[in-house]
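Okay, so here's the structure we're looking at.
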There are 2 protein chains.
Amino acid sequence: MSEPSGGKSVTLHDVAREAGVSLITASRALSNPGLVSAKTIARVQQAVETTGYIPNLLAGGLKSRRSLTVAALVPNIAVAQFIPTVKALTDALDAAGYQLILGQTGYDHAREEALLGTMISRRPDGIVVTGLVHAQASRDRLRRSGIPVVETWDLSDRPVDMAVGFSHLKVGSAVAGYFLGKGWRRFGIATGDDHRAAVRREGFLSTLGHEVPTVRVPSPSSLGLGRQALRDLLALDPGIEAVFCSSDQLAQGVMEEARARGLRVPQDLAICGFGDADFAADMAPALTTVQIDGAGIGRLAADLVLARCRGEAVSAPVVDVGFRVVERGST
Amino acid sequence: MSEPSGGKSVTLHDVAREAGVSLITASRALSNPGLVSAKTIARVQQAVETTGYIPNLLAGGLKSRRSLTVAALVPNIAVAQFIPTVKALTDALDAAGYQLILGQTGYDHAREEALLGTMISRRPDGIVVTGLVHAQASRDRLRRSGIPVVETWDLSDRPVDMAVGFSHLKVGSAVAGYFLGKGWRRFGIATGDDHRAAVRREGFLSTLGHEVPTVRVPSPSSLGLGRQALRDLLALDPGIEAVFCSSDQLAQGVMEEARARGLRVPQDLAICGFGDADFAADMAPALTTVQIDGAGIGRLAADLVLARCRGEAVSAPVVDVGFRVVERGST
DNA sequence: CTGTTAGCGCCTTCAA
DNA sequence: TTGAAGGCGCTAACAG
């Protein structure tokens, strides 16, 4: 308990000396015990205890070229949407001995490019990005780095490397189709200002065949922004029958504002969100929304990266996890 | 654009050769340009361009003993409470060239201890943990590692190293005092099953002087769990006048359930949350809650770690960021 | 301002 | 089963 705390930190060299074996034998006893006799292993482990040795993964990684880290880039960790993905990714990686290095791009290409450089300089064994990498320079750099890359929450014909996501265009189409099937004809859109939400809107409009009153709010969206969005939408068209929101947080705000104005949901105003957040099913009325398996995306991304790390061939580098319009009381 | 992608990766050695300077001069041109002539810097930068060099921070860190990483341990990234802290921490560190390595302890001491070992083996320049480190073995190990440590979201007389937080006991007391001041006498508590929420409950009870019907729900708490909690609380005591919730998510659920039962808030049931989530002020009625500056905690933690990294003496290693009971419509 | 010399702590390759 | 040598890519420390 009173180890030499002030001096230099304990290295494998100290452990080897304490155990009376060579450096490399100590190394093998810890990281490749199959090659070492049981007695020696015991001695080395004893030496680890008495010296308080903690291995230095940086040093090991320099030679072995495995850092046991994976970089994850999200636009903004405060966007609730991506939390289940980050959590599942972290959990799956941790179970395999890998840790996650987190970076935020702020929905900005220049920032993303700079951050990718920083991340590559840490030599992660994999890079998981939210959304597709659009800047060509970044795509080239990633490819040249040789690091396995998974683009998530979107799909592409030509991913940088691998992809796990779904079609935002189809999501928009599906919601429009669902609304039309219910007999509604006057719509509004409340949307965050990010690229993928814009694509969902495009899908919605293309199925509809015409423009729709739209209110844009900054990311991350919130209940308060949803309330404001409905106020603005009703100012644009007081006769709106149904609103498509780019997040469940916005949808919750729209519902709150509708309630405050004495509008009945769904009779006077129908609402559809996106994401199936943890609160969506328990609202009153429960929120109709587009369910995305965010945790599944994280797990799959981890699986792909880990498979590459083990040198396995990945048979399906692009995975469509799909989505589902979940009908509940708000429509 | 058609660099040697298959072969070995480009090292500083290649850059130096390309630029016609020695290895160390190339190194300095990039990381310490003040010591190198402008002409040489330009030549080296040109060589970086043509070779597509990306530095290897692991190798540099081995010698310089700075990994430019900080480890952050949270119980669970899905607990909304901590997101602003993680975000602010990430942003502040990024601005200083540091990246964050994320780990989840799952509110479990054994898991925390194992994770701390893993993190220390990555030689981060700082470790930020959520809550206090309780296991003595972990505390000892952290101290011996010599790595700057900041415990957050709580306070202690004897932190491992540094701390940024507030007193959960005082929070509970303050809410009880506030409730009593409003003239209410019959209370309920809806709480997550984590240690700090339990301490807030203790503070509440000690100011009150007697027990109170309590419903515990698993973490992370949610709107759905809040609805269930109110059902259970009213089963324990149908005459409850005010409920103290351990999170705003729970409080939102309690409010939703109250509304569903035709209880008026606050006339029939008053509600106080904890955390001042982004939706709290925009609910109808707006939610009375305990405001914590989560982003401020993250920024301060980053400041403390970075100060230590620069070798500066930290004059106030324990910072109480306090809290504020924000009165809104729900009480 | 630039270069030479030694490693950082560990792991891979070869030999015993 | 164990050991000795060498090097991963880079940077402190000292010279020039």
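Computed from a predicted structure; not experimentally measured. Chain identifiers are assigned alphabetically (A, B, ...) following the order of the sequence lines, protein sequences preceding nucleic acid strands; residue numbering begins at 1 within each chain.
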Phosphate OP1/OP2 of D:dG9: any A:R123 side-chain N/O under 4.0 Å: no
Quick one: A:R122 CZ to D:dG9 P, roughly how many Å, whole number? 18 Å
B:L58 CG - C:dC10 C1' separation (whole Å): 13 Å
When you compare the side chains of B:S22 and B:T25, does any donor N or O come within less than 3.5 Å of an acceptor on the partner? yes
Could you check whether B:D91 and A:Q104, counting side-chain N and O atoms only, form a donor-acceptor pair closer than 3.5 Å? yes
Separation of B:R65 atom CZ from C:dG7 atom P, in whole Å? 14 Å
For D:dT11, does either OP1 or OP2 sit under 4.0 Å from a side-chain N or O belonging to B:S64? no
Applying side-chain contact (heavy atoms from CB on, under 4.5 Å), name anything that partners B:P75, two or more places apart in sequence or on another chain. B:F82, B:T105, B:Y107, B:T130, B:R196
Without decimals, in angstroms, what is the distance between A:L57 CG and C:dC11 C1'? 12 Å
Are any protein N/O atoms closer than 3.5 Å to N/O atoms in nucleotides 2-4 of chain D? If there are, list each pair with its distance.
from  : atom 1 : to    : atom 2 : distance (Å)
D:dT2 : OP1    : A:S37 : OG     : 3.2
D:dT2 : OP1    : A:T40 : OG1    : 2.6
D:dT2 : OP2    : A:S37 : N      : 2.9
D:dG3 : OP2    : A:S22 : N      : 3.1
D:dG3 : OP2    : A:S22 : OG     : 3.0
D:dG3 : OP2    : A:T25 : OG1    : 2.4
D:dG3 : N7     : A:R28 : NH2    : 2.6
D:dG3 : O6     : A:R28 : NH1    : 3.3
D:dG3 : O6     : A:R28 : NH2    : 3.3

Has B:T40 got a side-chain atom pairing as donor or acceptor with B:V36's backbone, closer than 3.5 angstrom? no
Not counting sequence neighbours, list each pair that qualifies as a ring-ring contact (aromatic ring centres under 6.0 Å, His included) and has a residue in residues 24-75 of chain A. none
For B:H13 and D:dG7, give me the distance from atom NE2 to atom C1', rounded to whole Å. 13 Å
Mark yes when over 12 heavy atoms from residues, nucleotides or ligands other than B:H134 sit less than 6.0 Å from its NE2; otherwise mark no. yes
Are any of A:S27's side-chain N or O atoms less than 4.0 Å away from OP1 or OP2 of C:dC10? no
